[in-house]
Amino acid sequence: GFSRVILKGIDGPTTDLQQQDLLAIHNSGQHLLDVINDILDLSRIEADRLELDLAEVDVTAVCRAAVAMVGPAAQKKDLTLRTMLDGAVSGVRADERRLTQILVNLLSNAVKFTPDGGAVTLSVTGQPRQGLLELAVSDTGIGIAAEDLPRLFQRFSQLDSSLARKH
């Protein structure tokens with residue numbers, strides 16, 4: 001909160017370098033708050049008390065925001081980030097914060113496990129009349145072996161949890 005006050009110039013002017021540092025502080029604080037909220041969400045899910053904040057959500061805006069959040073990490077690895085949006089899909093009734101969170105998590109994992117110079121794609125397709133929406137993240141990483149697919153959605157599970165893991 002204080003970083004936002006300083007960023008707005010309420011306490012006086014700041015230099016460009018100070019603005020950059022304050023923005024980093026503000027974004028880091030926001031990220032920590034998001035982590036705390038994620039932990040609280042896990043507690044609510046386990047207690048069957050998670051309530052979704054459903055509203056009409058602009059799918060294109062959510063996808064672009066999620067891609068923008070992982071953009072810097074993708075740039076560091078010289079990855080191509082692609083978004084393929086179905087023009088027939090414009091809105092969906094969903095919890096915008098959690099939908100964004102899901103997409104950021106999927107995209108972050110794709111960026112993390114895609115070798116330098118690769119590509120990550122977010123595609124959105126749907127059939128609005130049937131109320132269907134499909135969000136898919138694909139990448140040029142190593143993939144998952146067929147025998148490991150059953151472990152994909154196991155809680156707190158990693159395929160290679162060794163300290164010397166390459167992927």
Side-chain angles (χ1 to χ4, degrees), residues 3-4 7 19-20 22-45 49-146 148-159 167:
S3 64
R4 185 176 294 184
L7 280 167
Q19 286 278 326
Q20 289 174 9
L22 286 166
L23 191 57
I25 291 168
H26 176 73
N27 289 340
S28 295
Q30 186 60 51
H31 178 70
L32 287 174
L33 182 60
D34 290 343
V35 168
I36 291 168
N37 285 330
D38 290 348
I39 292 168
L40 291 172
D41 281 349
L42 284 173
S43 299
R44 289 183 191 111
I45 289 169
R49 297 182 125 190
L50 180 68
E51 293 183 23
L52 298 176
D53 184 18
L54 298 177
E56 192 66 21
V57 174
D58 181 343
V59 175
T60 301
V62 168
C63 290
R64 289 198 174 127
V67 168
M69 285 184 221
V70 299
Q75 282 180 329
K76 284 182 184 177
K77 295 180 73 178
D78 193 30
L79 299 179
T80 300
L81 266 178
R82 290 185 284 240
T83 308
M84 299 169 48
L85 303 172
D86 182 345
V89 178
S90 58
V92 65
R93 188 161 169 76
D95 185 317
E96 184 172 357
R97 184 175 75 82
R98 290 188 176 92
L99 180 59
T100 303
Q101 177 184 17
I102 290 166
L103 289 176
V104 168
N105 289 345
L106 291 171
L107 288 165
S108 294
N109 279 340
V111 167
K112 182 177 176 181
F113 294 108
T114 299
D116 293 4
V120 173
T121 303
L122 169 60
S123 61
V124 178
T125 57
Q127 298 173 9
R129 290 183 191 162
Q130 286 78 26
L132 300 174
L133 173 70
E134 181 177 308
L135 302 160
V137 175
S138 59
D139 61 64
T140 57
I142 62 167
I144 300 172
D148 290 326
L149 288 175
R151 293 180 50 201
L152 189 58
F153 293 105
Q154 296 297 316
R155 291 172 41 173
F156 308 111
S157 176
Q158 289 185 339
L159 298 180
H167 302 289

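Residues take their numbers from the sequence shown, with the count starting at 1. This one's a predicted model, so the numbers in the text were calculated from it and none came from an experiment. Values below: all heavy atoms of this structure, side chains included; hydrogens, waters and symmetry mates excluded.
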Mind checking the [atom1]-[atom2] spacing from [X] to [Y]? Nearest 0.5 Å is all I need.
| X | Y | atom1 | atom2 | result |
| --- | --- | --- | --- | --- |
| Leu85 | Arg64 | CG | CZ | 6.0 Å |
| Asp139 | Asn109 | CG | CG | 9.5 Å |
| Arg82 | Ser138 | CZ | OG | 7.5 Å |
| Leu122 | Cys63 | CG | SG | 4.5 Å |
| Ile102 | Arg97 | CD1 | CZ | 10.5 Å |

For [X] versus [Y], what's the shortest heavy-atom pair and its separation?
| X | Y | value |
| --- | --- | --- |
| Val62 | Glu96 | CG2-CG, 3.8 Å |
| Leu22 | Ser3 | O-CB, 4.1 Å |
| Thr125 | Val89 | C-CG2, 3.9 Å |
| Ala110 | Val137 | CB-CG1, 3.8 Å |
| Gly117 | Leu79 | N-CD2, 3.9 Å |
| Ala94 | Leu99 | CB-CD2, 4.3 Å |

Taking atom CD of Glu56 as the centre, does the number of heavy atoms from other residues, nucleotides or ligands within less than 6.0 Å exceed 12?
yes
Should we count CZ of Arg98 as having more than 12 external heavy atoms under 6.0 Å?
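Counting other residues, nucleotides and ligands, CZ of Arg98 exceeds 12 neighbours.
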Between Lys77 and Lys112 (side chain of the first, backbone of the second, donor and acceptor by atom type, cut-off under 3.5 Å), is there such a pair?
yes
Under 3.5 Å donor-acceptor, Asp86 side chain and Val124 backbone:
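It does not hold such a pair.
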Side chains of Asn37 and Gln101 in contact at under 4.5 Å (non-hydrogen atoms)
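No, side chains not in contact.
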